[in-house]
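Take a look at the structure below.
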There are 2 protein chains.
Amino acid sequence: MDIAARLLAEHGPQALSTRRIAAEADSSTMTVYTHFGGMSGLVREMVREGFARLQERLTRVQATDDPVADMALLGRAYRLNALANPHLYAVMFGGSSLAGFSLSEEDRQHGRYTLANVAECADRCLTTGRFRPGDPILVAHQMWTAVHGLVTLELGGYLIPPYDADTCVEAQLIGLMVSAGDDYTAAATSVAKSLNRLDEI
Amino acid sequence: MDIAARLLAEHGPQALSTRRIAAEADSSTMTVYTHFGGMSGLVREMVREGFARLQERLTRVQATDDPVADMALLGRAYRLNALANPHLYAVMFGGSSLAGFSLSEEDRQHGRYTLANVAECADRCLTTGRFRPGDPILVAHQMWTAVHGLVTLELGGYLIPPYDADTCVEAQLIGLMVSAGDDYTAAATSVAKSLNRLDEI
DNA sequence: CAGTGTTGCATAACAGCGATATCTATTAAC
DNA sequence: GTTAATAGATATCGCTGTTATGCAACACTG
């Protein structure tokens with residue numbers, strides 16, 4: 001797993017081959033089959049690893065008395081995790097394009113479970129009255145999709161040149177909080193506050 | 001190109017092989033090389049085709065006196081295009097995971113140009129006072145990332161079960177308009193209005 | 001018309017891939 | 001100590017993209 005993760009991170013997805021892994025591990029291609037049941041099994045395990053890393057990073061943000069700032073920091077953590085593991089992130093969400101590999105429903109459930117942290121934070125935003133009354137799960141879902149879309153486009157190089165990524169992130173986060181019901185100026189200050197807590201994540 | 005598009009749409013990305021294309025075309029694998037310079041060239045051409053289809057679909061929405069409803073319909077058109085060409089969509093934005101294939105800066109520019117329709121609509125939303133004053137490009141960008149994220153997760157099967165896709169789209173679109181500065185109830189009615197114009201797209 | 005250069009495609013081959021069958025050697029259990 | 005089981009090495013199969021070679025049809029030129 002360590003070798004596969006390193007190969008993927010350093011040399012991209014095409015370096016993920018049984019022969020290359022075997023060469024790095026000084027063994028034969030059979031090891032991939034005995035331990036993971038094939039290449040797809042190894043990829044599946046790496047997806048799990050990717051979600052584990054993501055969740056570990058999300059749990060780093062601590063709950064403060066400004067839940068909107070916490071939520072913004074969750075968004076930044078999500079993005080930083082993706083930027084730190086770009087290839088792994090691509091495998092996690094662009095998985096269908098890898099030959100013959102498809103996630104099981106259990107894997108997807110595991111992925112969705114990652115949203116629990118965000119939902120908990122959304123609940124705090126709702127109970128403190130910062131967000132418009134609604135379902136915290138649905139709010140968390142909107143947060144996820146928006147940040148996910150931004151990160152996907154950023155990794156794909158589709159960000160519009162005149163604006164750098166940080167500007168887009170800032171605007172996206174503020175817009176998200178406003179869309180959930182927060183006051184615009186309050187959202188702006190909370191998002192700005194989250195910028196000073198980058199050392200947490 | 002037609003054969004490749006059909007193979008991709010009907011049998012997924014692993015059916016995109018020089019030999020299979022050659023067999024369907026009753027020719028040899030060399031045709032891919034003489035016409036596209038290799039497999040990556042063909043994929044690049046398919047990405048261009050994908051963006052062309054997307055743009056064609058986006059230009060179908062007509063400008064009315066309710067620009068927010070137009071914007072919502074643009075979002076629905078973006079989603080419907082992705083759902084109609086899921087494999088093509090995956091190649092367009094998950095391209096890095098295909099072996100050794102990377103988009104050129106020109107291709108990316110072509111992709112970003114697709115945003116022009118959305119930016120024009122955002123400008124109308126701004127000038128009519130529905131949206132908070134700001135840069136239409138940045139507003140259009142936020143629209144893009146949010147809808148793109150939603151569609152990506154939907155295609156990946158990551159949507160949260162209790163809510164169906166339509167509910168998420170509805171909530172996401174309303175939230176987007178609110179985040180851009182529109183009034184909540186006005187946004188809700190405009191988004192609902194866009195639901196009656198699905199025959200346009 | 002004859003010759004010539006160019007282009008398009010078919011054939012064959014090469015290197016690499018995932019996957020499998022077979023066999024060996026090591027380990028675990030009784 | 002004997003036996004069963006399992007990890008791993010080797011070789012192989014069918015597949016992939018890619019390239020080199022050669023052949024056939026075409027356009028051009030004297």
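Residue numbers begin at 1 in each chain, while the letters A, B, ... track the order of the sequences. Atoms considered below: every heavy atom in the structure, side chains included; atoms not considered: hydrogens, waters and symmetry mates.
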Tell me: CZ of R20(B) to P of dT16(D), nearest whole Å? 9 Å
Between atom CZ of R53(A) and atom CG of N81(A), what is the distance when rounded to the nearest 0.5 Å? 8.0 Å
d(CZ, F36(A); P, dA7(D)) in whole Å: 13 Å
In residues 172-179 of chain A, what donor-acceptor pairs under 3.5 Å come from side-chain atoms, sequence neighbours left out?
from, atom 1, to, atom 2, distance (Å)
Q172(A), OE1, T145(B), OG1, 3.1
Q172(A), NE2, T145(B), OG1, 3.0
S179(A), OG, L176(A), O, 2.7

Determine whether M143(A) and L74(A) make a side-chain contact, defined as any pair of heavy atoms from C-beta on separated by less than 4.5 Å. no
Touch check for T18(B), heavy atoms < 4.0 angstrom, all strands: base, sugar-phosphate only, or nothing? base
Covered region of DNA chain C, 5' end to 3' end, by chain A [heavy atoms, under 4.0 Å]: dC17(C) to dA21(C)
Check whether the ring centres of Y89(B) and H148(B) lie less than 6.0 Å apart, and answer yes or no. yes
Backbone N/O of A69(B) and side chain of D66(B): donor-acceptor pair under 3.5 Å: yes
For the residue pair F93(A) and F51(A), categorise the inter-ring angle as parallel (less than 30°), tilted (30 to 60°) or perpendicular (more than 60°). perpendicular
Between the protein and nucleotides 9-13 of chain D, which nitrogen or oxygen pairs come in under 3.5 angstrom?
from, atom 1, to, atom 2, distance (Å)
dA9(D), OP2, S28(A), N, 2.6
dA9(D), OP2, S28(A), OG, 2.8

State, with a plain yes or no, whether a side-chain heavy atom of T167(A) is found less than 4.5 Å away from one of D164(A). yes
From CZ (R20(B)) to CD (Q14(B)), nearest 0.5 Å: 8.0 Å
